[in-house]
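The next block holds one structure in the form of structure tokens; read it before the comments.
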Number of protein chains: 2
Amino acid sequence: MTGATIRDVARRAAVSVASVSRALNGLSSVHPDTRARVLAAAEALGYVPHAGARSLSLARTHAIGVVMPDLHGEFFSEVIRGLAGAASARGYHLILSNIDEGEDHMAAALRAMRGRVDGLVAMAPHVAPPAFAALLPPRLPTVTINTPDYAGGPALRVDNRGGAAAVARHFVTIGRKRFAHIAGPAINADALERRDGFAAALPAGTPIAMAEGDFTEAGGARAMAELLTTDAAIDAVFVANDMMALGALQTLRDAGRRIPQDVAVAGFDDVPLARYVSLTTLRVNMADLGGRAATRLIDALEGEGEGAGEVPTADLIVPPLIVRGTTVMEP
Amino acid sequence: MTGATIRDVARRAAVSVASVSRALNGLSSVHPDTRARVLAAAEALGYVPHAGARSLSLARTHAIGVVMPDLHGEFFSEVIRGLAGAASARGYHLILSNIDEGEDHMAAALRAMRGRVDGLVAMAPHVAPPAFAALLPPRLPTVTINTPDYAGGPALRVDNRGGAAAVARHFVTIGRKRFAHIAGPAINADALERRDGFAAALPAGTPIAMAEGDFTEAGGARAMAELLTTDAAIDAVFVANDMMALGALQTLRDAGRRIPQDVAVAGFDDVPLARYVSLTTLRVNMADLGGRAATRLIDALEGEGEGAGEVPTADLIVPPLIVRGTTVMEP
DNA sequence: TTGCCGTACGTAACCGGTTACGGGTGAGCA
DNA sequence: TGCTCACCCGTAACCGGTTACGTACGGCAA
């Protein structure tokens, strides 16, 4: 019903299915005349090979699975874009599956990947690492992005601590004294690393006013309001991501603080919006991250059998600090 | 090698593969004891069903294919987000395939979908419609988004003409006289509809200064610069999408024009950035568009056999005009 | 003529599931 | 005891491709 099969083509060309397969896949040892007949028959029937059947017998799907939570939007979509580009260039498809609704739902989504993909790109900053490893289908090559302490394969990580430290040094350089931090959710590994990296890079013993947000703009606004009531004297705040920073900026301006004269603000991610509001931030090139992940995975898949690439290396990607108008006056 | 098969489970539980299949799929007519043995064996072996094999015999993949060009970023990713949400809620996966590099590459990508997906969501505003229809694998249910004149199935379209007309009326209402339009690429159907809708809603015979961009910010800036040299007196410009509008705004400000006093600017799309630069625009809820497309497709897939839903209806989605500071003074 | 080899092709097994069909077993009933 | 009928369960065919293996045949050297 879905269309002509290889047997239909074989019948019409009056050859065996084996010859059709050989002819269509460009194998040698097919007589030119036969090949021509097969191609004509396929064309006439509008034959399109059935990818599912093909991958079953080849044990190769030419697809890679992508599992990640739909958290802070920009990030998600940029990574996908990078993945899609790299995958498509190598002839691979992407299979998406977002994992928000609970751990069992996630387990189901992960298991459903077996037999559908050749490998996985996973990003799960919010799950306890051992649990996550256990959920992965066994023996499915996986490269992780920003997934803490996962030792099962190649990993890509952005240097959250290093980035946060750069902000701390920048604050000190421009002469700030009273620091605050708006953190992400406590269950998020990126959030924790950014907080710790910031604290560690300030002179020992420096007090830091803390508030927690949820990586959304509204959450950032709320956290900032909270900080203003408890620690009104702050003159520098490092926000764990850009979206929260936007909310924080709004709250500060509404409260009459001048940016950056009264208080300096820095974010993390460099989402497209950041340039427009002139937000100082760390640039993490998300599309590039996705592209690298895909490339790494496909390299591993196609080098299979070689023991060469087997060492599960972890790349640490250092985000550059982009200094803009929320920390230093612009011309 | 990839893992245990159903036959391994059968062997270990000392039953037939049929019983394993029945037990795991919750069929009735399996003795409770047998079911327990099967489950224990599956657990012990870490058995995960092979989705590929399953979908081959069921002729059902529970996946939907998404083909679209990677055009103007925000749009792409928001639609994907909407699709992913709706699909995941119904237990479907998404298979991505972007189609940029030439028509033959696109044809290959489309054909590769057969046997891998149950249906397609396609968006191809830049292709001549008959060509596109011909490339689709035959008999694959498809819902199109903003693909002009495609009559092969359900379609979702945003009302480009209506939106553009709303801008035209708005310009007239606020007393503007000398109009300009920055259009998108001439091969893009959305771009053409927006241009025509705008022109048609102005009083007959009104002259409109025209320039063409490529839907990017830089392109918008260039087009605006061009307009300023040829028609310096314009006081209202409708830009075919928001990204170009951002570029145009920058050019106008650099040229010393006050917004909105000297010239009013409106865009199309309402990307997240638009709110931050206070850009008047048409709001097209892209995630919602994706969600609807997925829902439509899955409804059609699961209602298969019923003649009820067979009428290929086309939904026209009317984007509301969001009036902001680039056309009227803000408090 | 016989033997050998290479080319072109067909037969059938296989990938890993699902399921139509039929067989065996025990309970219930005449 | 013999019959019917559920209920469980196993055998084998099937989904649509790929491919190992075997075969038929023509050409060529001994």
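Chain naming here is simple, since letters A, B, ... match the order of the sequence lines and numbering starts at 1 in each.
Between Ile80(A) atom CD1 and Met68(A) atom CE the span is 5.0 Å, to the nearest 0.5 Å. If you take CE on Met286(B) and CD1 on Ile317(B), they are separated by 12.0 Å, rounding to the nearest 0.5 Å.
Within the nucleic acid shown, Leu56(B) comes within 4.0 Å of at least one base atom, counting heavy atoms only.
Within the structure, every side-chain polar atom (N or O) of Arg22(A) is placed at least 4.0 Å from both OP1 and OP2 of dA8(C). Side-chain N/O atoms of Ser16(A) include one lying less than 4.0 angstrom from OP1 or OP2 on dG10(C). Contact check, Ser21(B) against dT18(C): a side-chain N or O comes under 4.0 Å of OP1 or OP2. Within the structure, a side-chain polar atom (N or O) of Thr34(B) is placed less than 4.0 Å from OP1 or OP2 of dC9(D). Between Ser19(A) and dG10(C) there is a side-chain polar atom (N or O) within less than 4.0 angstrom of OP1 or OP2.
Residues Met123(A) and Val66(A) have side chains not in contact (no heavy-atom distance under 4.5 Å, counting atoms from C-beta outward).
When rounded to the nearest whole Å, the span between CZ of Arg60(A) and C1' of dG16(D) equals 20 Å. As a whole-Å value, the separation of Ile6(A) CD1 from dG16(D) C1' is 8 Å. Here dA8(C) presents its C1' atom at 12 Å from CZ of Arg35(A), a figure rounded to the nearest Å. A straight line from CG of Leu58(A) to C1' of dC14(C) spans 12 Å, rounded to a whole angstrom. Atom CZ in Arg11(B) sits about 13 Å away from atom C1' in dG16(C), given to the nearest Å. Atom CG in Asn25(A) sits about 7 Å away from atom P in dT19(D), given to the nearest Å. Atom CZ of Arg7(A) is separated from atom P of dC14(D) by 10 Å (rounded to the nearest Å). To the nearest angstrom, P of dA8(C) lies 10 Å from CG of Asp33(A).
A salt bridge links Arg292(A) with Asp288(A): the distance from a Lys NZ or Arg NE/NH1/NH2 to an Asp or Glu carboxylate oxygen falls below 4.0 Å.
Side-chain to base pairing of Arg54(A) with dG16(D): no donor and acceptor N or O lie closer than 3.5 Å to each other.
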Original post:
Does the pair Arg54(A) and Asn25(A) meet the rule for a side-chain hydrogen bond (donor to acceptor under 3.5 Å, both in side chains), with working shown?
Top reply: CA-CA 11 Å; Arg54(A) 190 155 208 273; Asn25(A) 290 320; 3.0 Å; yes
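Here dG16(D) is the nucleotide among dG16(D), dA8(C), dA12(D) with the atom lying nearest to any side-chain atom of Arg114(B). When the nucleotides dC9(D), dG16(D), dG17(C) are ranked by their closest atom to the side chain of Tyr47(B), dG17(C) comes out on top.
Each of Val15(B) and Ala53(B) was assigned the nucleotide of DNA chain D with the nearest heavy atom; the assignment lying further toward the 5' end belongs to Val15(B).
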